[in-house]
Q: 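Submitted below is the structure of interest, expressed as structure tokens.
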Amino acid sequence: MFNCGVMIRKKITDKSSNLHQQSPLRRNCTNIKTLKQIHASMIVDGFDSNPSALRELIYASAISIPSAINYAHQLFAQITRPDLFTWNTMIRGSAQSPNPITAVSLFTQMEKRHVRPDNCTFPFVLKACTKLSWVKTGCAVHGKVVKFGFEWNSFGRNALIYFHANCGDIRVASELFDGSEKDDVVAWSALTAGYARRGELGVARKLFNEMPVKDLVSWNVMITGYAKRGEMESARELFDEVPKRDVVTWNVMIAGYVFSGEHERALEMFEEMRRVGEQPDEVTMLSLLCACADSGALDIGEKIHCSLLEMHSGGLSILLGNALIDMYAKCGSIQKALEVFRGMREKDVSTWNSIIGGLAFHGHSEESIRLFEEMRRLKIRPNEITFVEVLVACSHAGEVKQGHRYFNLMRDEYNIAPNIKHCGCMVDMLGRAGKLEEAFEFIDTMEIQPNAIVWRTLLGASRVHGNVELGRRANERLLGMRNDQSGDYVLLSNIYASQGVWDGVETVRKLMDDSGVRKEVGGSLIETNYVGSTPLFGDRDEYVVGLVRPPVAFVVTAPR
DNA sequence: ATAGGGTTAG
């Protein structure tokens with residue numbers, strides 16, 4: 001703490017230093033606790049009104065510590081006349097925060113106060129518009145770029161290419177690109193990224209091949225394009241070819257494998273990354289925790305947790321905390337999830353969502369609902385995800401009245417319109433409670449269009465309660481949606497079978513045969529044993545995975 | 001400046 005304080009003073013008195021360089025504060029202040037300590041020592045030493053000191057502090061909280069953006073806003077509000085660099089820092093930090101709207105409103109404020117933007121301002125504002133998919137706002141900002149004469153500046157133009165390529169009009173992006181210098185690698189990469197994000201990988205690849213110059217980002221753009229579409233073979237080919245790799249290159253590959261469900265590959269990538277000496281960062285660890293959560297690899301998750309505690313002795317970030325809660329909950333260790341939750345000094349909505357969802361998923365409905373109430377007492381605003389989880393909790397607990405109460409609360413008090421998942425939860429809740437007619441009524445009167453899942457939920461509930469008539473009606477609606485999921489037929493077949501209506505079973509079977517629907521054989525994966533050791537986590541090398549045969553009762557429903 | 005991660009019904 002005191003070292004950091006000394007560093008600020010050194011920084012402030014060093015007149016020759018370039019403001020845009022990495023200052024010690026920016027490099028060393030990596031968590032909100034250290035940040036607050038530095039701020040406190042600044043106040044004690046009378047540095048809190050020093051403009052350069054404040055600027056450094058704002059940079060650290062807005063850019064270096066992603067979860068400290070609100071702190072940055074508080075600091076920013078104390079400055080009477082922020083300079084352009086500080087405005088840009090705030091817009092940049094807000095654009096990369098989970099709430100990019102603030103970046104747009106900062107830009108508006110900046111205009112009202114007659115602060116003239118520079119070429120650095122627009123890339124950040126347009127990034128926010130892109131993240132929000134605010135096409136109209138982005139186009140209005142395009143007008144400002146022209147107004148301030150940055151259309152012919154490579155920063156301004158590339159920011160426009162980025163915006164139009166990703167969410168505006170790709171033809172506009174293309175035209176702007178044609179006006180670029182032939183060897184502007186940022187323009188090439190921005191356009192390529194846009195085509196890749198739209199799924200036009202062929203066009204993206206053509207551009208990539210045609211680039212007169214490529215840098216590391218160009219390669220990362222193309223690899224990302226493949227990885228996000230699940231084309232991991234192509235991603236791998238480029239990864240093997242790339243002349244230089246950085247932490248992003250590795251992260252893209254790891255996240256791609258996790259996305260494609262190839263968790264073993266993801267872990268192999270990570271091991272390889274460590275072997276060649278690339279330092280993993282927070283994004284790496286988040287992907288790995290996601291892999292553990294998806295595959296139920298509790299022991300690896302625990303080891304990641306341990307190494308995280310060693311790496312970040314000053315406390316884990318909110319994002320890592322949330323990922324740990326989710327991992328522990330999904331791997332069945334709800335106690336550890338609660339421990340992480342209680343140990344977090346800073347929490348956000350996702351933190352609460354992770355634990356409320358985890359508890360609901362594990363059948364601890366009362367505890368889940370209790371925490372939701374605690375959240376409301378603490379005036380933390382639940383979002384639509386929170387309500388999905390709370391409704392799951394009510395559904396599993398059989399709390400029909402409470403569920404209805406929360407469903408109404410969502411709109412009346414929090415102004416959140418129910419989405420298809422909320423409605424799905426309500427149907428599930430009513431269905432489980434045996435209120436099948438009420439569930440049917442709910443679907444028919446709800447404001448949004450029901451989807452197949454909703455009808456399938458009712459169909460499943462009809463099976464549980466042995467209601468052939470409602471099952472038939474639900475199935476009629478379901479099949480009317482022209483989908484070919486074998487589970488729908490199987491469920492209906494099960495309803496008939498459970499009631500001994502054998503000709504009904506036969507009819508459904510015939511329907512399945514005629515439409516060419518096939519029921520896949522069910523199965524589950526569990527860890528049964530492991531052998532050997534890994535250089536990373538100590539004693540683990542490979543899993544022997546056992547395939548558990550489906551239960552015998554299932555055979556009744558499987559096709560010939 | 002352009003590239004990377006995140007919780008949600010059955």
Side-chain angles (χ1 to χ4, degrees), chain A residues 66 88 92 98 119-124 126-127 153-163 165-166 184-194 196-197 215-225 227-228 246-256 258-259 281-290 293 317-323 325-327 329-330 348-358 360-361 383-392 395 418-429 431-432 451-461 485 487-488 491:
Chain A
N88 286 346
R92 179 179 170 191
N119 56 353
C120 291
T121 314
F122 292 105
F124 305 139
L126 285 166
K127 192 193 183 95
N153 171 280
S154 66
F155 274 56
R157 197 180 41 233
N158 289 341
L160 289 172
I161 294 174
Y162 169 78
F163 162 72
N166 280 291
D184 188 336
V185 67
V186 176
W188 280 95
S189 298
L191 191 65
T192 308
R197 189 186 283 199
D215 63 4
L216 187 50
V217 175
S218 328
W219 284 87
N220 286 346
V221 161
M222 199 61 231
I223 297 174
T224 306
K228 283 228 162 139
D246 68 354
V247 65
V248 174
T249 324
W250 288 97
N251 286 349
V252 168
M253 289 301 291
I254 292 171
V258 175
F259 175 76
D281 65 4
E282 193 175 287
V283 176
T284 324
M285 301 319 257
L286 289 168
S287 286
L288 290 178
L289 285 172
C290 185
S317 72
I318 295 189
L319 254 44
L320 280 170
N322 296 352
I325 295 173
D326 189 54
M327 183 277 295
K330 289 215 172 102
D348 66 4
V349 202
S350 300
T351 318
W352 289 89
N353 287 351
S354 297
I355 196 69
I356 290 170
F361 187 77
N383 62 17
E384 57 173 28
I385 296 170
T386 324
F387 278 101
V388 171
E389 294 167 336
V390 172
L391 292 174
V392 170
S395 168
N419 65 27
I420 192 70
K421 292 185 184 178
H422 299 120
C423 296
C425 289
M426 292 301 280
V427 173
D428 185 53
M429 181 181 79
R432 275 174 202 260
N451 62 8
I453 297 175
V454 167
W455 286 117
R456 203 172 297 130
T457 304
L458 184 61
L459 182 53
Q485 285 205 25
D488 302 337
L491 263 172

Q: If the condition is side-chain hydrogen bond (donor to acceptor under 3.5 Å, both in side chains), which residues does A:Ser189 pass it with, not counting sequence neighbours?
A: A:Ser218

Q: Please enumerate all residues that pass ring pair (Phe, Tyr, Trp, His ring centres under 6.0 Å) together with A:Phe387, with sequence neighbours excluded.
A: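 In terms of ring pair (Phe, Tyr, Trp, His ring centres under 6.0 Å), with neighbours along the sequence ignored, A:Phe387 is linked to A:Phe372, A:Tyr414.
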
Q: For A:Asn88, which contact category applies under a 4.0 Å heavy-atom criterion: base, sugar-phosphate, or nothing?
A: nothing

Q: Using a 4.0 Å heavy-atom cut-off, does A:Asp428 contact any base of the nucleic acid, only the sugar-phosphate backbone, or nothing at all?
A: sugar-phosphate

Q: With sequence neighbours excluded, what pairs up with A:Ser350 under the side-chain hydrogen bond (donor to acceptor under 3.5 Å, both in side chains) test?
A: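 Scan of A:Ser350 (side-chain hydrogen bond (donor to acceptor under 3.5 Å, both in side chains), adjacent residues dropped) gives none.
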
Q: Would you tell me whether A:Asn322 and A:Asn353 have side-chain atoms, one donor and one acceptor, within less than 3.5 Å of each other?
A: no

Q: Look at all strands and tell whether A:Ile420 reaches a base, only sugar-phosphate, or nothing, counting heavy atoms closer than 4.0 Å.
A: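 Base, at least one base atom sits under 4.0 Å.
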
Q: Just how far, in rounded Å, is P of B:dG10 from CD1 of A:Ile453?
A: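 Interatomic distance, CD1 of A:Ile453 to P of B:dG10: 10 Å.
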
Q: Which pairs, protein N/O on one side and nucleotides 1-4 of chain B N/O on the other, fall under 3.5 Å?
A:
residue: B:dT2; atom: OP1; partner: A:Lys127; partner atom: NZ; Å: 3.4
residue: B:dA3; atom: N1; partner: A:Asp246; partner atom: OD2; Å: 3.2
residue: B:dA3; atom: N3; partner: A:Asn220; partner atom: ND2; Å: 2.8
residue: B:dG4; atom: OP1; partner: A:Lys228; partner atom: NZ; Å: 3.3
residue: B:dG4; atom: N2; partner: A:Asn251; partner atom: ND2; Å: 2.4
residue: B:dG4; atom: N2; partner: A:Asp281; partner atom: OD1; Å: 3.1
residue: B:dG4; atom: N2; partner: A:Asp281; partner atom: OD2; Å: 2.3
residue: B:dG4; atom: N3; partner: A:Asn251; partner atom: ND2; Å: 3.2

Q: Atom CG of A:Leu320 and atom P of B:dG6: how far apart are they, to the nearest Å?
A: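 Between P of B:dG6 and CG of A:Leu320: 13 Å.
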
Q: Report the distance from atom CD of A:Glu389 to atom C1' of B:dA9, rounded to the nearest whole Å.
A: 11 Å

Q: May I ask you to evaluate whether A:Lys330 reaches the phosphate of B:dT8, defined as a side-chain N or O under 4.0 Å from OP1 or OP2?
A: yes

Q: Applying ring pair (Phe, Tyr, Trp, His ring centres under 6.0 Å), can you list everything that pairs with A:Phe163, at least two apart in sequence or on another chain?
A: none

Q: Taking only N and O in the side chain of A:Arg432, is any of them less than 4.0 Å away from OP1 or OP2 of B:dG10?
A: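 Answer is yes, contact under 4.0 Å.
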
Q: In whole Å, what is the span from the NE2 atom of A:His422 to the C1' atom of B:dT7?
A: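 In whole Å, B:dT7 C1' lies 13 Å from A:His422 NE2.
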
Q: Rounding to a whole Å, what distance do you find between A:Asn451:CG and B:dG10:C1'?
A: 10 Å

Q: Measure the distance from CD1 on A:Ile254 to P on B:dG6 and round it to the nearest whole Å.
A: 13 Å

Q: Does any pair with a residue in residues 418-428 of chain A pass side chain to side chain donor-acceptor pair (under 3.5 Å), and if so which ones, sequence neighbours excluded?
A: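 Found A:Ser395-A:Asp428, A:Asn419-A:His422, A:Asp428-A:Arg432.
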
